[in-house]
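Order of the sequence lines fixes the chain letters, A, B, ..., with proteins taken first and strands second; residue numbering starts at 1 for each chain.
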Amino acid sequence: SQQGEEDPQALSIQEGENATMNCSYKTSINNLQWYRQNSGRGLVHLILIRSNEREKHSGRLRVTLDTSKKSSSLLITASRAADTASYFCATDPLILGANSKLTFGKGITLSVRP
Amino acid sequence: DTGVSQNPRHKITKRGQNVTFRCDPISEHNRLYWYRQTLGQGPEFLTYFQNEAQLEKSRLLSDRFSAERPKGSFSTLEIQRTEQGDSAMYLCASSPGPLGQFFGPGTRLTVL
């Protein structure tokens, strides 16, 4: 079953603009991760935020986590055409013996127009 | 390229045939995961290995599916008597611990 729900489902922006993607989840987590997937390919790990962290940065990426609202956001600043891809949030559940298996949302399709 | 390889990249088979996929993880990673992804959906967990031990299997993994990881290195996923509903992308991931997984390019299975 899919725990995460991303919002919006699709996003189209102009190159240079910022893209904000949101994710909500249902159960308690160890951490939340964002992945990118280019069409028909595997997933690339972008950033991980632990449950005791509120904000994290990596290059042009900024991720926030609000565990009280069970939500996260991913901000990509100064977007480029190469950022066009599907973006997924994935949660590592806080369950004994969960083995860090990830539960993914359905993904957000980001299109960056040149 | 994450360092995780999967073969074949594409497989077309007829309903009822058996298929086997291979995953070569990053060599020092003791954790290995298989996921399945259908069109328009996120990946769904299938099974997990720590070294050679298969520690968890999803309800999605029916008895037609079997996975192995002999010697804790590469892993294989076999589907017997394939059905059209098995058509999907099969993704393998490895990790050294609980802080992020490295995914392979996937094997796209089409069952005719």
Side-chain angles (χ1 to χ4, degrees), chain A residues 1-7 9-10 21 23-27 29-53 56 58 61 63 74 85-109, chain B residues 1-7 9-10 21 23-26 29-51 53-61 67 88-110:
Chain A
S1 62
Q2 315 251 246
Q3 155 153 255
E5 288 190 10
E6 292 98 341
D7 166 53
Q9 290 187 332
M21 292 169 269
C23 168
S24 59
Y25 58 92
K26 298 174 183 173
T27 63
I29 59 172
N30 284 314
N31 61 68
L32 184 143
Q33 303 171 35
W34 285 89
Y35 287 82
R36 184 186 74 223
Q37 185 177 39
N38 290 86
S39 181
R41 299 193 177 183
L43 284 82
V44 174
H45 182 263
L46 294 177
I47 195 166
L48 178 151
I49 186 165
R50 293 182 170 92
S51 61
N52 61 352
E53 297 176 314
K56 204 162 181 182
S58 176
L61 305 179
V63 66
L74 174 69
S86 293
Y87 291 81
F88 294 89
C89 71
T91 52
D92 177 356
L94 183 65
I95 301 172
L96 187 63
N99 298 318
S100 295
K101 65 183 181 189
L102 297 176
T103 303
F104 286 83
K106 292 186 178 182
I108 298 169
T109 301
Chain B
D1 182 3
T2 63
V4 178
S5 61
Q6 292 187 247
N7 288 288
R9 295 290 306 278
H10 303 272
F21 311 139
C23 170
D24 287 273
I26 295 171
H29 288 183
N30 61 349
R31 298 181 176 212
L32 187 147
Y33 303 82
W34 285 97
Y35 293 85
R36 182 173 70 187
Q37 185 179 24
T38 54
L39 202 62
Q41 301 293 316
E44 292 182 290
F45 169 78
L46 290 179
T47 190
Y48 163 68
F49 290 86
Q50 184 156 330
N51 299 311
Q54 188 175 20
L55 297 185
E56 189 170 355
K57 293 195 293 185
S58 161
R59 292 190 310 263
L60 295 174
L61 216 65
M89 174 81 90
Y90 290 84
L91 294 161
C92 172
S94 70
S95 77
L99 298 179
Q101 297 178 16
F102 294 79
F103 280 80
T107 295
R108 182 169 295 285
L109 173 66
T110 302

Under 4.5 Å between any side-chain heavy atoms of B:Phe103 and A:Gln37, yes or no? no
Indicate yes or no: at least one non-hydrogen side-chain atom of B:Tyr33 is less than 4.5 angstrom from one of A:Ser100. yes
Any chance CD of A:Glu53 has more than 12 other-residue heavy atoms, nucleotides or ligands included, within less than 6.0 Å? yes
Residue [X] versus chain A: region with a heavy atom under 4.5 Å:
X	answer
B:Leu91	side chain
B:Gln37	side chain
B:Phe102	neither

Once side chain to side chain donor-acceptor pair (under 3.5 Å) is applied, do any residues pair with B:Gln50, and if so which ones, sequence neighbours excluded? B:Tyr48
State the NZ-NZ distance between B:Lys57 and A:Lys101, to the nearest 0.5 angstrom. 13.0 Å
Rounded distance [0.5 Å steps], OG1 in A:Thr103 versus CD in B:Glu44: 9.5 Å
For A:Arg50 and B:Leu99: C-alpha separation, side-chain torsions, deciding distance, then whether side-chain contact (heavy atoms from CB on, under 4.5 Å) applies. CA-CA 9 Å; A:Arg50 293 182 170 92; B:Leu99 298 179; 3.1 Å; yes
Chain B contact via A:Leu102 - side chain, backbone, both or neither, heavy atoms under 4.5 Å: both
In this structure, is the centre-to-centre distance between the rings of A:Phe104 and B:Phe45 below 6.0 Å? no
Tell me, please, which residues at least two apart from B:Tyr90 pass ring pair (Phe, Tyr, Trp, His ring centres under 6.0 Å). B:Phe21
Option that, when pairs with chain A are counted at under 4.5 Å, heavy atom only, ranks first among B:Gln101, B:Gln6, B:Met89: B:Gln101
